[in-house]
Amino acid sequence: MRIDILSLFPDMFQATLGQSIVGRAQEDGFLDIKVTDFRKYTTDKHNHVDDAPFGGGAGMLLQAQPIFDAMAAINEQTKATYPKGRVILLDPAGRRFDQAYARELAQEEHLTFICGHYEGYDERIRELVTDEASLGDYVLTGGELAAMVMIDATARFVPGVLGNMASPMGDSFSNGLLEYPQYTRPADFRGRKVPEVLTSGNHQKIREWRIRESLRRTLERRPDLLETAKLTSEQRIILQDLKLEQEDK
């Protein structure tokens, strides 16, 4: 997958996306991440990329020209090897990013993220994009942190990035529920023991325990997720039992 990022602060990405799993995925050729400083494309003699909004108002807006020209350069560089793909504008008014959205983006061969700054964008920039995305109902000083979060979450679903594709499928939210508790050695840490079922070797009992504890954790911490989760008949029976337990306490 090719990922292009338009940002005024390219060093932020080099320091972060070059590490850990995403960094290794680039070394192994599963990801090709390029950051473009779109200030280099401004035609303003003072290198300004922002200006005051027409009609007045607080703050400054990113101008259309540097973004349009930077996008044109990226399209020219990649047209022989990658499709244009999805172009994502980081914006508080955009679609809420979640695990399903990450899985969706991972199906693409080419993603481009436009990271804003200042008060907002010249509206004409939106002509270039296919998606407008937000991490949540709050405002960041720029789109860089949001882009890094989206790239990290999306990369986990790109084939080859994680050695075992079962791993991202078992993550919290991948099946609409929170993940079950997990443990590693030692089995007894200062009197805190791992549940016996996990050391029993009985794979059927372990599977049932994990289903139950995933549902229990979701019911206790994020009951809102159960409103839209697609549960199997087995899960529905277990959930009903857990709700009765909850009522009896």
Side-chain angles (χ1 to χ4, degrees), residues 1-42 47-50 60 62-63 65-79 81-92 94-99 101-121 125-126 128-136 138-162 168:
M1 173 187 279
R2 164 82 177 222
I3 299 176
D4 279 286
I5 305 162
L6 276 67
S7 170
L8 293 173
F9 302 96
D11 289 347
M12 290 179 66
F13 295 93
Q14 294 167 6
T16 302
L17 297 183
Q19 309 296 317
S20 190
I21 290 172
V22 176
R24 189 163 61 247
Q26 293 180 75
E27 293 175 1
D28 294 341
F30 297 112
L31 296 176
D32 179 15
I33 301 177
K34 304 294 184 187
V35 187
T36 297
D37 181 352
F38 61 83
R39 190 183 298 277
K40 294 180 180 179
Y41 289 87
T42 182
N47 287 331
H48 291 158
V49 294
D50 62 317
M60 305 288 277
L62 282 179
Q63 296 173 303
Q65 177 271 315
I67 301 292
F68 269 74
D69 288 355
M71 280 295 301
I74 289 171
N75 292 338
E76 182 64 28
Q77 294 165 12
T78 60
K79 67 180 182 181
T81 50
Y82 293 96
K84 184 178 178 182
R86 305 267 280 271
V87 179
I88 302 153
L89 186 72
L90 283 309
D91 189 287
R95 173 183 170 184
R96 177 78 65 88
F97 184 70
D98 57 18
Q99 193 82 332
Y101 198 175
R103 190 185 297 113
E104 180 184 322
L105 293 178
Q107 306 305 310
E108 302 290 333
E109 294 181 52
H110 188 192
L111 298 175
T112 302
F113 292 85
I114 302 176
C115 302
H117 243 74
Y118 311 113
E119 183 66 21
Y121 305 92
I125 291 172
R126 299 182 196 277
L128 298 170
V129 310
T130 60
D131 297 68
E132 296 180 25
S134 169
L135 291 188
Y138 50 87
V139 178
L140 299 171
T141 55
E144 284 78 14
L145 293 175
M148 283 187 265
V149 169
M150 292 183 65
I151 291 167
D152 187 274
T154 299
R156 295 173 58 82
F157 290 102
V158 175
V161 170
L162 296 182

Look up atom [atom1] in [X] and atom [atom2] in [Y], then write down how far apart they are to the nearest 0.5 Å.
X	Y	atom1	atom2	value
Y82	L111	OH	CG	11.5 Å
S7	M148	OG	CE	8.0 Å
F113	I33	CZ	CD1	9.0 Å
D4	K84	CG	NZ	12.5 Å
E108	I3	CD	CD1	11.5 Å
D91	R126	CG	CZ	4.5 Å

Report, as yes or no, whether the 6.0 Å neighbourhood of atom CD on E104 holds more than 12 heavy atoms from other residues, nucleotides or ligands. yes
Within the 4.5 Å heavy-atom criterion, are [X] and [Y] side-chain neighbours or not?
X	Y	result
D37	L8	yes
H117	M60	no
F38	L62	yes

Please name all residues satisfying ring pair (Phe, Tyr, Trp, His ring centres under 6.0 Å) with Y101, sequence neighbours left out, ordered by chain then number. F97
Those residues at least two apart in sequence (or on a different chain) that pass ring pair (Phe, Tyr, Trp, His ring centres under 6.0 Å) with Y41 are none
Going by the salt bridge (charged side-chain N to carboxylate O under 4.0 Å, His left out) test, which pairs reach into residues 12-33, not counting sequence neighbours? R2-D32, D32-K34
Steps toward side-chain contact (heavy atoms from CB on, under 4.5 Å) verdict (I88, L105): CA-CA 10 Å; I88 302 153; L105 293 178; 4.0 Å; yes
Which heavy-atom pair separates [X] from [Y] by the least distance, and what is that distance?
X	Y	result
G136	R96	CA-NE, 3.6 Å
L90	Y121	O-OH, 2.5 Å
P83	H110	O-ND1, 2.8 Å
F13	C115	CZ-SG, 3.9 Å

Please list, chain by chain and in numerical order, all residues satisfying side chain to side chain donor-acceptor pair (under 3.5 Å) with D69, sequence neighbours excluded. Q65
Using the side chain to side chain donor-acceptor pair (under 3.5 Å) criterion, which residues pair with T154? Sequence neighbours excluded. none
For a side-chain contact (heavy atoms from CB on, under 4.5 Å) check, start with the C-alpha distance between L17 and I5, then their side-chain angles and the critical distance, and finish with the verdict. CA-CA 12 Å; L17 297 183; I5 305 162; 4.1 Å; yes
Salt bridge (Lys or Arg N to Asp or Glu O under 4.0 Å) partners for E119, two or more places apart: none
Going through the distances and angles, do T36 and M71 end up as a side-chain contact (heavy atoms from CB on, under 4.5 Å)? CA-CA 9 Å; T36 297; M71 280 295 301; over 6 Å; no
Where the side chain of [X] meets the backbone of [Y], is there a donor-acceptor pair that is under 3.5 Å apart?
X	Y	result
T130	V87	yes
S20	V22	no
Q63	T42	no
R86	D131	no

